[in-house]
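For ligands, and for the atoms within them, numbers begin at 1 and follow the listed sequence. Note that the coordinates shown come from a computational prediction; the quantities given were computed from them, not determined experimentally.
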Amino acid sequence: MRLKNRLVMAPMETLQAESGLMSSKQMKYYLERARGGVGLVIVEAAGVSSNITMFEGAGLRLCDDSYIPALQRFTKQFHSEGDESKLAIQLAHVLLEPGFDMFAVNTRQGKRPCDLSLEEINHIIDDFANATIRARQAGFDAVEYHMAHYNTVADFLSKGFNTREDEYGQVTEGRARLACEIVKRAREKIGHNFPLICRISGDEYTVKGNTLRQTRIIAQMLEGAGSDAIHVSGGGRLEDGGVRSYSFFRQVPTYDFPDGLNMHLAEGIKKVVSIPVIAVGKIGDPATAEEVLVQGKADLVALGRALLADAAFARKAAEGRSKEIQRCMWCNDCVRLLARKQPVVCTRGALSIFAKKGKKSVRKRIPSQNS
Ligand SMILES: Cc1cc2nc3c(=O)[nH]c(=O)nc-3n(C[C@H](O)[C@H](O)[C@H](O)COP(=O)(O)O)c2cc1C
Ligand code: SF4
């Protein structure tokens with residue numbers, strides 16, 4: 001797959017699907033980002049299993065064929081009007097209960113890897129492989145497997161969370177077995193001409209969690225299994241404090257974290273694999289993105305909230321109009337909306353603590369951090 005540039009839109013739940021189907025609002029939102037100039041758009045997580053709903057009807061699904069036609073309409077429009085951007089969809093599975101509370105601290109609602117039978121594991125692998133076929137039928141150019149943060153595959157990869165004592169646990173190679181079997185089974189079914197991207201947390205930022213020491217091995221195993229690229233996120237685990245945990249903040253860092261805080265993870269993985277590596281995490285201006293590429297830390301740079309804040313980020317950067325970019329303030333209001341299971345939009349700090357306290361001077365200072 002050839003991309004027109006090295007900027008990728010990171011997958012972000014919008015919670016604007018209707019009964020699991022892509023809504024016209026979502027179509028417009030993704031099309032705007034494509035016209036805004038990014039080379040690859042990765043559509044938010046879509047659930048691969050019918051008994052698992054990420055965010056009930058508001059989350060996308062690709063767990064059976066009935067979800068294909070709405071996505072087909074979308075991909076057709078995207079490919080004709082999307083300014084030659086390529087289009088992937090993220091495929092995901094969670095063990096969390098549908099009504100899970102993301103604010104819950106030190107609790108885990110739902111199953112753990114050690115609760116699953118071999119038959120259930122086999123079902124998950126099949127579900128990912130079948131959803132991959134559906135994604136291609138729906139007209140996507142690629143898929144990304146969600147193996148990061150608090151997803152089922154990440155739960156299995158996790159050194160601290162996966163306590164299984166069989167071949168799907170115990171050692172890094174065992175914990176990576178599920179991830180590799182998903183890639184292998186999908187590859188067997190779909191052949192070699194369809195890109196499969198794997199998204200992992202390069203470091204879980206939890207006590208006893210994976211660090212680069214384990215994730216380098218996992219990335220190499222995924223490459224061996226047939227993955228075409230590794231997308232390196234960080235943190236996102238919920239067990240140490242829900243969405244208020246340090247791990248979660250490493251996934252969606254606020255203004256008080258340094259820019260590009262997870263780039264060393266992409267760099268660490270890039271050193272041990274030969275497939276393209278995508279870096280992500282608090283990249284809010286074109287100069288920081290360029291630096292990551294020039295320094296050879298990653299092959300592609302993914303932007304999440306920066307594209308929520310300004311759909312035309314890439315176009316403005318390419319046209320030398322960087323100063324016109326509406327910068328993300330890293331206030332995480334969008335994440336708060338997600339945690340409350342409300343439609344995700346960029347509020348630019350309207351819900352945040354600064355707005356409530358009326359500390360406008362602080363809010364004004366935030367965007368200038370990056371300049
Ligand atoms: C509202 C919101 C929803 C997200 N949903 C997903 C998701 O569906 N899948 C995923 O892998 N990451 C998800 N993420 C994480 C982003 O893909 C990205 O890794 C993170 O926001 C850090 O990148 P940024 O600093 O450029 O925003 C989400 C982030 C936000 C803010
Ligand atoms: S709500 Fe805040 S963190 Fe989210 S995209 Fe907008 S400015 Fe960035």
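In this structure, Thr215 and Ile269 have side chains that are in contact, with non-hydrogen atoms separated by less than 4.5 Å. At a threshold of 4.5 Å between non-hydrogen side-chain atoms, the residues Met22 and Val43 count as touching. Tyr29 is listed as a side-chain neighbour of Met12, based on a closest heavy-atom distance under 4.5 Å. No side-chain heavy atom of Arg175 sits under 4.5 Å from any side-chain heavy atom of Ser158. Between Arg250 and Leu261, the closest side-chain pair of non-hydrogen atoms falls below 4.5 Å. Put simply, the side chain of His146 does not reach to within 4.5 Å of the side chain of Leu91, judged on heavy atoms.
No more than 12 heavy atoms of other residues, nucleotides or ligands sit less than 6.0 Å from atom CD of Glu84.
With sequence neighbours excluded, no residue forms a salt bridge (charged side-chain N to carboxylate O under 4.0 Å, His left out) with Arg216.
Ligand 1 places these atoms under 4.0 Å from at least one heavy atom of Gln251: 14 (N), 15 (C), 20 (C), 22 (C). Of all atoms in ligand 1, listed by their number and element, those nearer than 4.0 Å to a heavy atom of Trp330 are 25 (O). If you number the atoms of ligand 1 from 1 as listed, the ones under 4.0 Å from a heavy atom of Val344 come out as 1 (C). Within the listing of ligand 1, atoms 17 (O) sit less than 4.0 angstrom from a heavy atom of Ala10. Distances below 4.0 Å separate heavy atoms of Ala45 from the following atoms of ligand 1: 8 (O). If you number the atoms of ligand 1 from 1 as listed, the ones under 4.0 Å from a heavy atom of Gly281 come out as 23 (O), 25 (O). Close contacts between ligand 1 and Val335 involve ligand atoms 31 (C) [criterion: under 4.0 Å to a heavy atom].
At least one N or O atom of Lys282, backbone or side chain, sits closer than 3.5 Å to an N or O atom of ligand 1. Residue Val252 places no N or O, backbone or side chain, under 3.5 Å from any N or O of ligand 1. Residue contacts with ligand 1: Leu338 is placed with no nitrogen or oxygen under 3.5 Å of a nitrogen or oxygen of the ligand (distance criterion only). In terms of polar-atom proximity, defined here as any N/O pair under 3.5 Å, Glu44 makes no such contact with ligand 1.
Nearest to atom 14 (N) of ligand 1 by heavy-atom distance, out of Cys328, Gly304, Pro11, is Pro11. Proximity annotation for atom 12 (N) of ligand 1: of Arg199, Met9, Arg305, Arg199 comes nearest, heavy atoms only.
Listed by first then second residue, pairs satisfying side-chain hydrogen bond (donor to acceptor under 3.5 Å, both in side chains) with a partner in residues 30-43 read Tyr30-Glu44, Arg35-Glu81, not counting sequence neighbours. Note on residues 266-281: pairs passing side-chain hydrogen bond (donor to acceptor under 3.5 Å, both in side chains), not counting sequence neighbours, are Glu223-Ser274, Lys270-Asp299.
Around atom 8 (Fe) of ligand 2, protein N, O or S atoms at less than 2.8 Å number 1.
Using 4.0 Å as the threshold, Ala306 has no heavy atom nearer than that to any atom of ligand 1.
A donor and an acceptor atom, one from each side chain of Ser49 and His123, are nowhere located under 3.5 Å apart. Between the side chains of Thr254 and Asp256, a donor-acceptor pair is found at a separation under 3.5 Å.
Only the side chain of His149 comes within 4.0 Å of ligand 1, judged by heavy-atom distances.
Geometrically, Arg237 does not engage Tyr150 in a cation-pi contact defined by less than 6.0 Å to the ring centre and at most 45° from the axis.
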